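Here the structure is laid out as structure tokens; the discussion comes afterwards.
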There are 2 protein chains.
Amino acid sequence: MTLMLAAADRGFTLSLNGMILIDQSPDHPAFYVGRGRERMDMYRGNFEIEDYLEERVPLTHAVVDGNHVHLSFAEGQPPAMTLIVDKGVIQCMAAGSHFNRFWMRVRAEAGEHVYGGGEQMSYFDMRGRRFPLWTSEPGVGRDKTTEITLRADLMGKAGGDYYHTNYPQPTYLSSRRYALHVDTTAYSVFDFRNEAFHEIEVWAIPRIIELFAKTTFVQLVDQLSRRFGRQPQLPDWVLDGAIIGLKDGENSLSRLDAILAAGVKVCGLWCEDWVGLRHTSFGARLFWDWRADETRYPNLKGRIVELRKKGIRFLGYVNPYLCVDGSLFHEAAMKGFLALTDMGGVALVDFGEFQCGVVDFTNPQAKDWFAERVIGQNMLDYGLSGWMADFGEYLPIDVHLRNGADAKLMHNAWPTIWAEVNARAVERRHMTGEALFFMRAGFTGVQAHCPLLWAGDQSVDFSRHDGLVTVICGALSSGLLGNAYHHSDIGGYTSLFGNVRTAELIMRWTEMAAFTAVMRTHEGNRPRDNLQIDQDEAVLHHFARMTDLHVRLKPYLKALSREARDTGLPLQRPLFLHYEADDQAYTIQDAYLLGPDLLVAPVWKAGESERQLYLPGPERWVHLWSGIEYAGGEEITIAAPIGQPPVFYRAQSSWAALFKGLAGNARPAG
Amino acid sequence: MTLMLAAADRGFTLSLNGMILIDQSPDHPAFYVGRGRERMDMYRGNFEIEDYLEERVPLTHAVVDGNHVHLSFAEGQPPAMTLIVDKGVIQCMAAGSHFNRFWMRVRAEAGEHVYGGGEQMSYFDMRGRRFPLWTSEPGVGRDKTTEITLRADLMGKAGGDYYHTNYPQPTYLSSRRYALHVDTTAYSVFDFRNEAFHEIEVWAIPRIIELFAKTTFVQLVDQLSRRFGRQPQLPDWVLDGAIIGLKDGENSLSRLDAILAAGVKVCGLWCEDWVGLRHTSFGARLFWDWRADETRYPNLKGRIVELRKKGIRFLGYVNPYLCVDGSLFHEAAMKGFLALTDMGGVALVDFGEFQCGVVDFTNPQAKDWFAERVIGQNMLDYGLSGWMADFGEYLPIDVHLRNGADAKLMHNAWPTIWAEVNARAVERRHMTGEALFFMRAGFTGVQAHCPLLWAGDQSVDFSRHDGLVTVICGALSSGLLGNAYHHSDIGGYTSLFGNVRTAELIMRWTEMAAFTAVMRTHEGNRPRDNLQIDQDEAVLHHFARMTDLHVRLKPYLKALSREARDTGLPLQRPLFLHYEADDQAYTIQDAYLLGPDLLVAPVWKAGESERQLYLPGPERWVHLWSGIEYAGGEEITIAAPIGQPPVFYRAQSSWAALFKGLAGNARPAG
């Protein structure tokens with residue numbers, strides 16, 4: 001890769017492999033610096049953020065000197081910033097500390113597409129929109145024209161919008177076959193609304209802008225994946241069935257037996273209530289003191305051993321907060337491991353009728369303590385094979401941390417540090433690639449530590465911005481940045497304002513999950529108000545067949561997992577990744593390739609019994625259920641009754657025999 | 001008044017009567033210029049406005065040369081703007097046309113209060129908040145924490161916020177006894193959130209910043225009122241009772257008879273449906289073709305004459321739009337009097353199942369035509385003594401106007417031009433001070449043309465940001481800028497989402513209205529769902545007594561009207577206007593002085609039978625109902641049953657005998 005700086009008439013150009021990315025002239029400056037004062041208010045993980053921008057100064061005057069560019073407001077003015085172009089990166093050096101805002105404009109082209117930004121849930125192709133990058137709750141509804149969103153806003157500023165995500169990352173990949181990454185944890189914004197340029201905004205002067213270019217997208221993803229960290233292979237046991245999420249205390253075990261009796265293939269039992277409950281006016285919540293509650297789960301340790309003998313792993317739950325009335329809070333407070341307030345007291349975060357301390361992971365001892373004492377001893381040594389490593393997005397922006405850093409700069413960094421704490425615990429016990437934790441929060445570098453993403457808390461519906469279809473967008477966007485493994489709560493999670501699961505929703509979600517890395521159910525936030533997989537015979541039967549199908553895919557999924565380890569390619573891939581010449585493949589976000597050989601187009605709307613989808617070309621595709629072969633390069637409509645999700649395999653696939661065998665197994669319900 | 005420019009160390013100061021307003025140094029620039037691209041979308045008078053700010057450059061380098069200040073980004077740079085300080089104004093001259101944004105910082109002091117901004121409905125003292133100034137619908141609910149607001153947002157982006165108003169004006173008055181006015185019709189923002197400065201933002205380079213200073217607020221209001229135009233005196237007939245708003249076709253007349261029979265003092269009958277109805281799925285709307293509908297009101301002309309003999313005036317309704325299926329639209333279109341689209345066709349605005357043309361008042365002939373042909377012939381000659389001159393806030397920002405001006409710059413100017421059209425019709429018939437129209441929309445200069453403001457469309461409730469109490473804020477803020485006369489819809493207007501009038505609300509609103517310039521009822525947007533004054537005996541009885549009380553105030557109100565003509569002082573005044581030494585008087589916005597001698601503290605919350613209020617001092621105040629005398633300078637709690645609104649008069653008032661007599665008349669109901 002060659003990053004080339006060239007002086008031009010009173011300006012300069014910066015080219016990557018001969019492709020002009022920055023083209024600055026006095027009339028069209030590419031860099032701006034400024035000064036702003038932000039207002040950020042957090043309401044349980046939802047943020048109101050506003051910038052009072054006092055200055056935004058175009059750096060119209062450029063002097064090129066070797067690999068340096070000195071930028072100033074006008075000729076004769078001292079440089080406000082110097083760029084050093086070296087080894088594929090742009091270093092930015094600001095003069096003085098007056099400026100705390102930075103903008104850079106990268107040339108954009110007509111028809112160009114851009115992807116990434118972390119895990120985006122609404123728009124895969126980010127062109128035409130503006131994306132603030134700040135880890136937060138994703139919102140409930142995420143669409144200001146829907147009643148659920150507005151009700152959530154009214155209830156707790158929780159409605160969210162299209163760009164809200166648990167996992168932002170200041171990296172994008174362009175259809176021009178390059179990628180750009182900003183090395184910062186500050187609040188930043190990627191603005192793709194303009195025709196002539198993409199604008200990068202950072203609420204700090206970023207140290208480094210990294211550039212990547214390759215001749216194919218496959219190579220580019222490989223390169224990004226090496227940059228951000230390659231994930232371990234998926235544990236084998238995960239491919240042996242579904243992880244069943246129950247939080248019903250002892251009943252969970254008897255319900256699991258009934259589920260097994262119905263023929264469901266199960267690889268794990270996930271009980272987030274393994275830590276016990278707290279009763280609030282909002283309903284039952286977990287008790288945030290991370291150790292087994294043997295009142296709720298008598299002899300849990302023994303039961304875990306018994307389950308294991310049956311080939312079923314046990315998974316739990318943890319997050320980086322400690323409730324004030326728990327033993328771990330007390331221990332952490334005594335050791336000085338908690339973040340502090342301005343006044344020097346322990347900072348407490350309100351989670352709804354209970355308060356928690358924030359473990360200060362900038363203190364290496366606190367980090368070790370959480371990894372060893374909490375996750376290591378209380379979880380791994382106890383017998384857990386995995387857990388949901390929840391949260392990561394809630395670092396309050398006004399706490400005092402041991403490393404002295406501004407909490408506003410640590411906020412985005414927190415998910416990756418949280419992943420690192422979890423990974424360290426696993427690594428210390430040599431269980432990397434064996435124990436499996438999954439996270440919804442993320443940021444740059446989370447790839448190196450977190451073995452599996454989960455798509456967060458969708459609403460239990462088919463809505464465009466918070467339902468089933470958003471999971472695909474999350475998998476594709478994060479996948480391009482080196483997150484190979486992605487999955488979601490089957491049936492969705494958030495049930496509010498009378499919005500509840502239908503049997504159809506659970507079945508459609510199950511069908512999609514069967515064609516991802518991991519199948520896992522969740523009872524949701526209101527288990528009693530919502531249908532569960534074991535409460536309806538048709539749903540359970542359908543679920544059993546889909547787990548069987550998923551298990552039959554194991555050899556293929558294992559091969560993809562090896563490929564991910566070797567090349568960084570995600571299991572779920574956008575169509576253009578393997579069909580670069582097909583223009584239509586660049587904007588599809590409701591279908592994906594599972595590895596190179598399967599095309600999956602989930603039914604994501606209610607009441608549909610067929611689906612329109614696009615088959616990329618040139619290629620020949622075989623419909624999984626009918627065996628009919630289609631030529632790629634066309635949009636087709638395919639019958640898609642419940643039980644026959646629209647899936648196709650490459651006619652030329654070396655796995656064709658395996659795929660062909662799947663159809664015999666899973667017939668439509670009813 | 002002396003406006004003094006003085007060079008200081010690498011900067012300058014600008015003082016008004018010795019008070020420093022601008023204090024610029026290189027580290028603390030007071031002026032910024034910039035460049036932005038706005039996005040403005042209108043949804044039936046509600047706007048979504050966003051600015052993409054590309055540049056905001058501090059003009060840190062100042063060179064003073066006589067009464068000129070040359071401002072540039074840095075020494076050696078060409079001036080970006082020159083200020084000329086002369087005769088109490090600051091002229092701004094920008095170099096070139098690159099910049100389209102302007103900011104100015106005026107020194108602020110601890111404890112300083114600021115007022116004005118046109119007619120503000122939520123916050124009288126604007127300190128601590130930011131106020132965009134753009135004429136629009138004020139919103140329904142105007143408080144994002146209430147369900148009504150969010151439902152209105154969901155329905156049509158119509159919820160609004162604290163700063164939305166039909167009548168903005170880029171003028172503020174400071175408790176430092178100066179006022180500042182920006183001579184612009186561009187979108188502007190007054191930002192009073194900072195401790196050290198007030199920031200004026202204009203989306204244009206304003207031509208002139210005007211400054212005013214006096215030693216008392218009374219003098220300052222006088223000066224502002226002369227600047228913006230002195231209103232004519234209120235017609236005598238308006239003080240002879242209430243204007244009864246009915247829109248029930250012929251029934252209106254028989255209902256009026258019953259109201260009269262109940263002892264209500266009536267000076268006018270206001271039938272907005274005098275133009276007939278249009279039936280839509282939203283319910284009955286008016287037919288926007290401005291002439292009498294003698295189907296709905298048979299022999300209306302004759303009935304008007306009969307009413308007049310009984311001392312009752314007839315009032316109607318008009319707005320600056322013409323429905324496409326009306327005769328006036330056809331006439332205006334033929335004459336080329338309508339605003340056009342980009343394509344050269346007539347621009348149509350959707351008002352909900354019907355479309356209208358926009359009369360292009362930048363065309364002098366169109367203006368004359370509307371004044372003479374529509375208002376003159378169809379309304380005044382027909383016998384109307386007044387009307388609601390509705391709207392003025394809806395000029396679409398993308399229409400083409402005859403004068404070639406950008407519609408974005410005409411949008412704010414429109415209400416004043418609309419007022420001028422109405423005033424011209426009245427003036428041509430020598431009926432100024434006799435015919436009475438009332439408007440909710442306004443902008444700089446509306447004072448010179450519009451004889452009476454009405455507070456717009458409150459919700460039919462006691463809510464903090466859209467209920468009864470907002471009317472007081474509207475009267476006080478607009479009053480300081482030379483709008484002497486203010487009134488509101490008794491009982492409020494907007495009934496949505498099941499929110500309906502209570503008897504208590506109507507009675508409390510009536511009590512307040514009795515102590516304003518004009519009493520007028522409105523049936524509201526959903527007459528059949530809401531209680532009307534003639535549907536409940538207690539309400540009607542209470543209303544009758546309050547009209548009687550209002551009529552007894554006539555000599556006092558007439559005197560205030562003369563005072564307004566002579567001095568520009570509004571009838572409703574903030575307490576500090578006459579009690580400058582009383583610190584507590586500066587922040588009260590739920591009570592007012594009616595002239596110098598009455599203090600009115602309406603009950604504005606539901607279910608209250610007493611009120612806390614502050615009596616300014618030094619002064620002695622007599623409670624209207626008990627005759628008990630109180631010393632000013634204290635907060636007191638006073639009994640306030642329905643029928644005894646908290647009203648006090650100055651013990652020393654020359655009108656004491658009149659006020660004393662009021663109590664005998666209006667006893668509590670029930």
Side-chain angles (χ1 to χ4, degrees), chain A residues 26-37 39 43 48 50-61 72-78 80 96 98-99 101 103 105 130 141 143-159 189 191 193-197 199 201 497, chain B residues 26-37 39 43 48 50-61 72-78 80 96 98-99 101 103 105 130 141 143-159 189 191 193-197 199 201 497:
Chain A
D27 287 344
H28 293 96
F31 291 86
Y32 297 74
V33 288
R35 195 174 159 79
R37 274 190 280 146
R39 188 182 67 73
Y43 307 88
E48 267 185 7
E50 203 179 59
D51 198 22
Y52 170 43
L53 186 57
E54 288 189 287
E55 295 180 19
R56 177 175 161 144
V57 176
L59 300 179
T60 49
H61 186 68
S72 63
F73 176 69
E75 195 166 356
Q77 292 301 311
H98 179 75
F99 296 116
R101 296 289 181 272
W103 296 264
R105 290 179 171 182
R130 184 177 182 271
D143 176 351
K144 300 303 185 200
T145 69
T146 67
E147 172 128 3
I148 282 184
T149 307
L150 292 188
R151 284 197 166 274
D153 274 338
L154 186 58
M155 197 178 64
K157 302 179 187 255
V189 182
D191 187 347
R193 292 177 301 181
N194 292 286
E195 281 181 28
F197 56 85
E199 189 168 271
E201 173 177 347
F497 319 120
Chain B
D27 288 345
H28 293 96
F31 291 86
Y32 297 74
V33 288
R35 196 175 158 79
R37 274 190 281 145
R39 188 182 66 75
Y43 307 87
E48 269 186 3
E50 203 179 60
D51 198 22
Y52 170 43
L53 186 58
E54 289 190 284
E55 296 180 20
R56 178 176 159 144
V57 176
L59 301 179
T60 48
H61 186 70
S72 63
F73 176 69
E75 196 166 354
Q77 291 301 311
H98 179 74
F99 296 116
R101 296 288 182 271
W103 295 264
R105 290 180 171 181
R130 182 176 183 274
D143 175 352
K144 299 302 185 201
T145 69
T146 68
E147 172 128 5
I148 283 183
T149 307
L150 293 188
R151 284 198 166 274
D153 274 338
L154 187 57
M155 197 178 65
K157 300 179 188 253
V189 182
D191 188 347
R193 291 176 302 180
N194 292 286
E195 281 181 27
F197 56 85
E199 189 168 89
E201 172 178 347
F497 319 119

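In what follows, every chain begins at residue 1, and chains take the letters A, B, ... in the order their sequences are listed. Every value quoted in this text rests on a predicted model; they were computed, and no experiment measured them.
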Hey, does Glu54(B) have a side-chain heavy atom less than 4.5 Å from the side chain of Glu199(A)?
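A side-chain contact under 4.5 Å is absent here.
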Heavy-atom cut-off 4.5 Å, strictly under: side chain, backbone, both or neither for [X] against chain B?
| X | answer |
| --- | --- |
| Asp51(A) | neither |
| Lys144(A) | backbone |
| Thr146(A) | backbone |
| Arg37(A) | side chain |
| Arg101(A) | neither |

Side chain / backbone / both / neither for Asp27(B) at chain A, heavy atoms under 4.5 Å:
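Neither part.
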Tell me, for Arg105(B) versus chain A, whether the close heavy atoms (under 4.5 Å) come from the side chain, the backbone, both or neither.
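The side chain, not the backbone.
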Contact residues of residues 28-36 of chain B (partner chain A; heavy-atom separation under 4.5 angstrom)
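At a heavy-atom separation under 4.5 Å, chain A is reached by Tyr32(B).
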Under a 4.5 Å heavy-atom cutoff, which of His98(A), Arg193(A), Glu55(A) has the most pairs with chain B?
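That would be Glu55(A).
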Flag the one option from Asp153(A), Val57(A), Leu53(A) with the top tally of heavy-atom pairs under 4.5 Å to chain B.
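Between Asp153(A), Val57(A), Leu53(A), the count favours Leu53(A).
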Under the 3.5 angstrom rule, does the side chain of Gln77(A) hit a backbone N or O of Glu75(B) as a donor-acceptor pair?
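Pair found, side chain donor or acceptor close to backbone of Glu75(B).
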Around Glu48(B), counting heavy atoms of other residues, nucleotides and ligands shown, do more than 12 lie under 6.0 Å from its CD?
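Enclosed: over 12 neighbouring heavy atoms sit under 6.0 Å from CD of Glu48(B).
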With sequence neighbours left out, what residues match Glu147(A) under side chain to side chain contact (heavy atoms under 4.5 Å, CB included)?
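Here the qualifying residues are Arg151(A), Arg151(B), Leu154(B).
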Test side chain to side chain contact (heavy atoms under 4.5 Å, CB included) on Arg130(B) and Tyr52(A); report intermediate values, then the result.
CA-CA 11 Å; Arg130(B) 182 176 183 274; Tyr52(A) 170 43; over 6 Å; no
